[in-house]
Amino acid sequence: MNFLWPNMLLLLLLVPLLVLLYLWLLRRKHKLALRYASLGLVRQALGSQSTWRRHLPPALLLLAITALLLAAARPLAVIVLPTQQETIMLAMDVSGSMRAADVLPNRLVASQNAAKAFLTELPRNVKVGVVAFAGSAQVAQIPTHNREDLASAIDRFQLQRGTAIGNGIVLSLATLFPDAGIDIGNLTYGRERWRGVSIDQPAPAAKEFTPVAPGSYGSAAIILLTDGQRTTGIDSMEAAKMAADRGVRIYTVGVGTVNGETIGFEGWSMHVRLDEETLKAIAHRTQGEYFHAATADDLKKVYETLSSRLSVEKKETEVSALLALLAAVLMLAGAGLSMLWYHRIA
């Protein structure tokens, strides 16, 4: 446990002094009783109540004071809290390699089914958006609470050629931060995008941006699902850096076999291999996590894990209020027992 004001812990030295004061008062009371009463009366008075009853209310008061002194030091504890995640972007690969059947019935259908099951596990207050990427990236569904619209968008996926992982990440960021001026076209094509525009007309100025710590943005996250290697578009690690600079975590999910396989379609064939190294690097760069799903069951378990991770989070939180509440309960308990047994608060 850490403390924001650790110097206040010195006040705990008062606790043993209070114990000594209590013992001194007991001895003083005993001497006064011996001075002004006969031994029989003293024995009767002291024996009328059991020892633990006489000491329990003061002990509770002492514990309450200790709790208050600890609260004054503003302790921090790592506790599990409901997540503050408000928006999750699903960036899903729809490249031609997703027709491979090593994940039954095939990679695309398995990923669609797992994604829809994932939606049902999320809290209803979490918005979800969907980005589909292949040779380019498109927003299949803007962030919404409507799970039916999200499921319909996932069911409408159409396979395409190419794998632009970076584009999927950047478009997800652009959707999360619509006013940030993230221009996926300019990142993809550079100044060539502005060919045909008057030389007197400058390109739109980029908005000022101050990077934050990776993983520090708690209101959104990206789940990136892919089965292959980047073949076109924005560099994947450059896109990951953009996410890290905005504090957005990326949880990467690799689908299929690591060694790869050759698949054919309409007279052409290609060898597809899962680029685990890059997916792990993307997750690490953004303080996210990498998952590998070699089967449909694995993919389902991955999404179940992600659902639980994104629903709650471990966070270092100040618990001074809890200690203050504990102190109040102890004080009330001590005062209540004293009133019950002795008809006074003392």
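Atom set for the values below is all heavy atoms of this structure, side chains included, hydrogens, waters and symmetry mates excluded.
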Salt-bridge contact Arg107-Asp102 (side-chain N to carboxylate O under 4.0 Å)
yes
**OP:** Output yes when Lys241 and Asp245 qualify as a salt bridge under the 4.0 Å nitrogen-oxygen rule, no when they do not.
**Re:** yes
So, does [X] use its side chain to make a donor-acceptor pair with the main chain of [Y] at under 3.5 Å?
X      : Y      : result
Ser216 : Val212 : no
His145 : Val126 : no
Thr163 : Arg230 : no
Asn167 : Ile234 : yes
His292 : Gly256 : yes
Gln112 : Ile154 : yes
Ser307 : Tyr303 : no

For Leu306 and Phe118, what are the C-alpha separation, side-chain angles and deciding distance, and is it a side chain to side chain contact (heavy atoms under 4.5 Å, CB included)?
-> CA-CA 8 Å; Leu306 283 170; Phe118 168 73; 4.2 Å; yes
Any chance you could lay out the side-chain hydrogen bond (donor to acceptor under 3.5 Å, both in side chains) test for Thr231 and Gln229, step after step, and finish with the verdict?
CA-CA 6 Å; Thr231 60; Gln229 299 171 291; over 6 Å; no
Side chains of [X] and [Y], heavy atoms from C-beta outward: is any pair under 4.5 Å?
X      : Y      : result
Val253 : Glu289 : no
Leu9   : Phe3   : yes
Met242 : Ile169 : no

Taken to the nearest 0.5 Å, the spacing of Leu322 CG from Leu326 CG works out to 9.0 Å
Can you name the nearest heavy-atom pair linking [X] to [Y], along with the distance?
X      : Y      : result
Leu159 : Met98  : CD2-CB, 3.9 Å
Gly162 : Ser95  : O-CB, 3.1 Å
Pro75  : Leu323 : CG-CD1, 3.5 Å
Thr286 : Ala244 : CG2-N, 3.9 Å
Ser111 : Leu225 : CB-CD2, 3.9 Å

Practice item. Indicate whether any N or O donor in one side chain lies under 3.5 Å from an N or O acceptor in the other, for Thr144 and Asp149. Key: no
Looking only at the side chains, is there a donor atom on one of Thr295 and Asp298 sitting less than 3.5 Å from an acceptor on the other?
yes
For the residue pair Tyr217 and Phe177, is the inter-centroid distance of their aromatic rings smaller than 6.0 Å? yes
In Ile65, Val329, Leu330, the residue satisfying side-chain contact (heavy atoms from CB on, under 4.5 Å) with Leu60 is Leu330
